[in-house]
Amino acid sequence: MGKEDTIVRGAGLIYGLNDRPPLKETVFAALQHLLAIFVAIITPPLIIAGALKLDLESTGFLVSMSLFASGVSTFIQCRRIGPVGCGLLCIQGTSFSFIGPIISAGLTGGLSAVFGATIMASSVEMLISRVLKYTRKVITPLVSGIVVTLIGMSLIKVGISACGGGASAQADGSFGSFHHVGLAALVLILIIFFNRSSNRYLRMSSIVIGLMVGYVLAWILGMVDFSAVQNYGGFNIPVPFRYGISFDLSAIIGLGLVYLITAIEAYGDITANSLISGEPVEGEVFVKRASGGILADGFNSMLAGIFNSFPNSIFAQNNGMIQLTGVASRYVGYFIAGFLILLGLFPAVGLVFSLMPEPVLGGATLLMFGTVAAAGIRIIAAQNINRKATLVMALSFSFGLSVELVPEILCQLPETVRNIFSSGITTGGLTAIISNLLIRIKED
């Protein structure tokens with residue numbers, strides 16, 4: 001591997017996996033990673049809290065705990081403790097894939113059901129890490145692509161609702177008003193504008209710039225009420241099971257399905273990260289690394305549920321950051337983890353972001369969710385679309401979108417069954433897995 005490693009280094013890698021860059025360079029690289037993933041970490045709890053109509057204090061606390069859980073998970077993933085972790089510069093946070101099932105679980109059983117399902121369903125990913133080679137025969141790229149596409153399509157409804165002003169605007173009759181839609185459109189346009197920039201730093205910061213400009217404008221328009229927060233000081237002490245814990249079968253199945261897909265995504269992310277970092281992408285070392293990384297995904301998600309946060313998975317965007325900076329050192333990950341834990345311990349951070357008006361967040365998330373759907377389509381497009389694939393897609397999209405568009409179709413079913421299949425992601429995903437296994441066509 002020595003010769004190959006030299007070639008990769010020559011291609012632009014300044015610091016390898018086990019190198020220790022000088023403190024100044026380490027902190028600078030860590031801050032760049034933080035800038036790339038900060039918004040992605042705080043957005044899921046903001047969307048979920050908005051959909052579940054949680055109060056300001058609970059929203060702020062969930063944002064803080066998401067940062068804290070991300071920090072702890074990132075440290076475990078980079079450090080590799082026993083068999084847990086991949087030992088690469090991998091940052092963790094809540095994937096958008098989990099948002100739909102979490103909202104469904106929260107509307108049915110509250111936060112206690114969400115955290116119960118997060119903890120219980122995480123065993124799915126931990127089990128997959130032990131039988132990785134067999135799982136990949138069931139969760140094929142076609143199935144993954146279908147589920148990812150359904151996730152994006154289902155979440156677009158959440159994004160456009162936020163653009164119109166969310167639940168509060170629906171309650172006071174201002175939903176869809178010009179200042180809500182106009183603000184969301186401005187954020188969306190700014191993100192697209194800066195994302196097209198040839199300057200890599202502007203491109204990386206496009207979402208942050210769009211959100212901050214939207215936030216400031218919303219404050220000028222009187223849409224942000226800082227007086228609603230009584231106290232920004234203090235210290236957030238992570239309290240296990242602060243919102244209680246309960247177990248709902250439908251919520252566990254819904255999240256379990258997404259954990260299945262996330263495990264396969266994590267395998268791809270670890271492969272890409274290993275390649276960029278000049279590490280092997282096959283053989284015993286790689287298999288051990290991939291299994292450890294997926295095991296850490298599940299274990300960290302269980303920890304996150306205990307500390308009132310949502311499932312944690314490896315973020316793909318930091319792979320691009322390693323290429324841009326040329327720094328693949330996992331020691332940088334320790335600093336990123338430390339920064340995330342510190343941000344999570346101070347309630348002011350969570351409270352400031354919990355005040356962000358829904359149209360500002362909606363303008364950004366609408367594009368993000370569309371990107372998720374587009375990523376799923378790209379995965380599907382890379383496959384051989386024969387008659388079997390066409391049938392699997394037709395069934396999966398038909399069933400998945402049917403329960404999203406006309407949920408009343410399930411009204412005559414028993415409550416447990418209705419809760420399981422009320423999510424288009426769960427219905428479409430299970431249909432994709434079963435139909436892909438059962439449909440057999442002998443091609444001419």
Side-chain angles (χ1 to χ4, degrees), residues 41 44-55 57-70 72-73 76 84 92-129 151 154-155 158 236-263 294-313 344 350 410 414-427 429-430:
I41 290 172
L46 289 174
I47 295 167
I48 293 162
L52 301 183
K53 301 175 185 175
L54 301 180
D55 59 46
E57 184 189 353
S58 296
T59 304
F61 185 77
L62 289 180
V63 171
S64 290
M65 287 303 99
S66 286
L67 290 164
F68 175 79
S70 261
V72 173
S73 300
I76 292 171
V84 184
Q92 295 216 201
T94 300
S95 166
F96 285 117
S97 306
F98 288 100
I99 294 175
I102 286 173
I103 290 172
S104 296
L107 292 172
T108 306
L111 286 175
S112 62
V114 170
F115 298 131
T118 297
I119 293 166
M120 290 298 292
S122 66
S123 59
V124 171
E125 198 164 3
M126 288 190 265
L127 179 64
I128 288 170
S129 73
I151 287 166
S154 300
L155 289 174
V158 177
N236 262 335
I237 299 173
V239 180
F241 306 115
R242 174 171 170 170
Y243 298 99
I245 186 169
S246 61
F247 303 104
D248 180 274
L249 180 61
S250 60
I252 293 168
I253 292 173
L255 277 175
L257 179 64
V258 184
Y259 274 118
L260 270 175
I261 305 303
T262 302
I294 295 168
L295 178 62
D297 252 26
F299 179 78
N300 290 335
S301 293
M302 182 183 70
L303 274 184
I306 291 169
F307 286 102
N308 316 288
S309 188
F310 307 116
N312 260 254
S313 58
L410 304 171
E415 185 179 357
T416 304
V417 178
R418 190 167 66 242
N419 289 339
I420 290 170
F421 292 103
S422 61
S423 165
I425 300 163
T426 306
T427 304
L430 288 173

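Numbering starts at 1 and runs along the sequence shown.
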Using only atom types and a distance under 3.5 Å, with no angle test, would you say the side chain of [X] pairs donor to acceptor with the backbone of [Y]?
X      : Y      : result
Thr427 : Gly424 : no
Asp248 : Ala117 : no
Thr59  : Asp55  : yes
Ser246 : Ala113 : yes

If you take all heavy atoms of [X] and [Y], which pair is closest and at what distance?
X      : Y      : answer
Ala263 : Ile128 : CB-CG2, 3.8 Å
Ile245 : Gly116 : CG1-CA, 3.6 Å
Val258 : Pro101 : CG2-CG, 3.7 Å
Asn236 : Ser64  : ND2-OG, 3.0 Å
Leu255 : Thr118 : CD1-N, 3.6 Å
Leu52  : Gly106 : CD2-C, 3.6 Å

Inset, instruction - Can you establish whether the number of heavy atoms outside Met120 located under 6.0 Å from its atom CE is more than 12? - result: no
Taking the side chain as C-beta and beyond, is there a heavy-atom pair between [X] and [Y] under 4.5 Å?
X      : Y      : result
Met302 : Met126 : yes
Ile99  : Ile103 : yes
Gln92  : Val72  : no
Ile41  : Thr94  : no
Ile48  : Leu62  : no
Pro311 : Tyr259 : yes
Leu54  : Leu111 : yes
Phe96  : Ile47  : yes

As an exercise, state the distance from [atom1] of [X] to [atom2] of [Y], rounded to the nearest 0.5 Å.
X      : Y      : atom1 : atom2 : result
Phe98  : Asn312 : CZ    : CG    : 9.0 Å
Leu257 : Thr262 : CG    : OG1   : 9.0 Å
Ser66  : Leu46  : OG    : CG    : 8.5 Å
Leu260 : Ser97  : CG    : OG    : 12.5 Å
Ile306 : Phe241 : CD1   : CZ    : 5.0 Å
Ser112 : Phe247 : OG    : CZ    : 9.5 Å

Legend entry - side-chain hydrogen bond (donor to acceptor under 3.5 Å, both in side chains) evaluation trace for Ser301 with Ser122: CA-CA 6 Å; Ser301 293; Ser122 66; over 6 Å; no
Legend entry - Whether Phe310 and Phe115 hold their rings parallel, tilted or perpendicular, with breakpoints at 30° and 60°: parallel
Inset, instruction - Starting from the C-alpha separation in whole Å, work towards a yes-or-no answer on side-chain contact (heavy atoms from CB on, under 4.5 Å) for Ile76 and Leu303. - result: CA-CA 11 Å; Ile76 292 171; Leu303 274 184; 3.8 Å; yes
